[in-house]
Structures are given as structure tokens and as C-alpha cells.
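Single-structure report; data block below.
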Amino acid sequence: MTEKIPSEIIDELERANRLHEQAVCDHEKCREFSESLSKLLTRLEDMKYYRTADRLMSILINCSPKEASHCEKATLVGEMMKEVAKEVRKAAGK
């Protein structure tokens, strides 16, 4: 069963998704994405949305910002982000 995530959390997830799209070749944005997703993960756990939190944890496991190097898993992380965002929007009826 899909969790019905509050709209402000969906908005944060979508912001993180857009940030990831900008972060592919920008180390600072990449770190910002990773930090914002970590904070969102903590909020989801605190709110007891464990299924979605687990999905974000899977994304973070694949996200490792590196200086002066292109992200090797940018496509994978991007696709995972899009899928999570799509699923929570659908559950919210958006």
C-alpha cells in the first residue's frame, strides 16, 4: 500500500528532484541535493512514513558526491527520484 504523504513533503521531494537535475555536473549542488534528501529522509522517519523513507535511503546509498568528478550513478539516482516523486504524487491524487 502506498503512503499518503503530506503535500509539503511532496513539494520538498520535487524540489530535491529538480536540484538533482541541476547537480549532475555541479559538486556544490550535488552536496546540497544529498543534504536535502537526508533531511527529508529524517522527517519522513519522524512522521512514520517508513516505506517512502526506505526508498529515499536507497537513493542516498547510491548518491556519493565527489569533487572534480562526474557522478557515475547520476542517471540511476535521477530515475529513482522520478519514480518516488511519481508514486507519492499519485498516492496524493495529484
Side-chain angles (χ1 to χ4, degrees):
M1 185 171 152
T2 306
E3 298 167 321
K4 189 162 182 170
I5 306 295
S7 62
E8 71 269 5
I9 299 294
I10 294 171
D11 292 343
E12 285 184 47
L13 185 60
E14 289 176 345
R15 273 193 294 280
N17 195 18
R18 286 189 301 273
L19 186 57
H20 183 265
E21 290 172 359
Q22 299 169 4
V24 175
C25 294
D26 185 333
H27 176 70
E28 286 304 313
K29 290 223 184 265
C30 187
R31 291 183 67 92
E32 185 180 339
F33 165 76
S34 181
E35 290 170 8
S36 70
L37 205 60
S38 294
K39 290 176 186 174
L40 188 53
L41 167 66
T42 301
R43 285 188 64 198
L44 286 166
E45 288 175 337
D46 289 346
M47 298 169 78
K48 301 190 184 337
Y49 291 113
Y50 297 119
R51 184 177 185 283
T52 305
D54 286 347
R55 302 271 311 269
L56 294 190
M57 179 61 76
S58 295
I59 293 170
L60 284 169
I61 287 169
N62 286 292
C63 180
S64 56
K66 296 177 185 148
E67 238 174 290
S69 174
H70 179 74
C71 177
E72 297 161 355
K73 296 187 177 183
T75 303
L76 173 66
V77 170
E79 290 303 315
M80 292 172 80
M81 283 296 298
K82 288 176 188 172
E83 186 61 35
V84 171
K86 178 181 166 184
E87 186 177 302
V88 297
R89 278 193 308 268
K90 183 179 177 183
K94 291 185 174 186

Tell me, do [X] and [Y] make a side-chain contact under 4.5 Å, heavy atoms counted?
X     : Y     : value
Leu56 : Ile59 : yes
Arg55 : Met80 : no
Lys86 : Met81 : no
Leu44 : Ile5  : yes
Ser34 : Leu60 : yes
Pro6  : Met47 : yes

inquiry  = Once side chain to side chain donor-acceptor pair (under 3.5 Å) is applied, do any residues pair with Asn62, and if so which ones, sequence neighbours excluded?
reply    =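 Result, side chain to side chain donor-acceptor pair (under 3.5 Å) vs Asn62: Lys73.
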
message = Test: side chain to side chain donor-acceptor pair (under 3.5 Å). Region: residues 40-49. Which pairs qualify, not counting sequence neighbours?
response =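 Pairs touching residues 40-49 that pass the test: Glu12-Arg43.
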
Starting at [atom1] of [X], measure out to [atom2] of [Y] and round the result to the nearest 0.5 Å.
X     : Y     : atom1 : atom2 : result
Leu13 : Ser7  : CG    : OG    : 12.5 Å
Ser36 : Arg31 : OG    : CZ    : 12.5 Å
Leu41 : Met57 : CG    : CE    : 4.5 Å
Ile10 : Arg15 : CD1   : CZ    : 12.0 Å

Partner residues of Lys82 under the side-chain contact (heavy atoms from CB on, under 4.5 Å) criterion, sequence neighbours left out =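 In terms of side-chain contact (heavy atoms from CB on, under 4.5 Å), with neighbours along the sequence ignored, Lys82 is linked to Asn17, Glu21, Glu79.
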
query = Do any N or O atoms from the side chain of Glu3 and from the backbone of Thr52 form a donor-acceptor pair under 3.5 angstrom?
reply =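 A pair under 3.5 Å: yes.
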
ask   = According to a 4.5 Å side-chain heavy-atom criterion applied to Ile, Leu, Val, Met, Phe, Trp and Tyr, with indirect links allowed, do Leu76 and Phe33 form part of one hydrophobic cluster?
value =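 Same cluster.
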
message = Would Arg51 and Glu87 count as a side-chain contact (heavy atoms from CB on, under 4.5 Å) here? Give the steps.
response = CA-CA 11 Å; Arg51 184 177 185 283; Glu87 186 177 302; 2.3 Å; yes

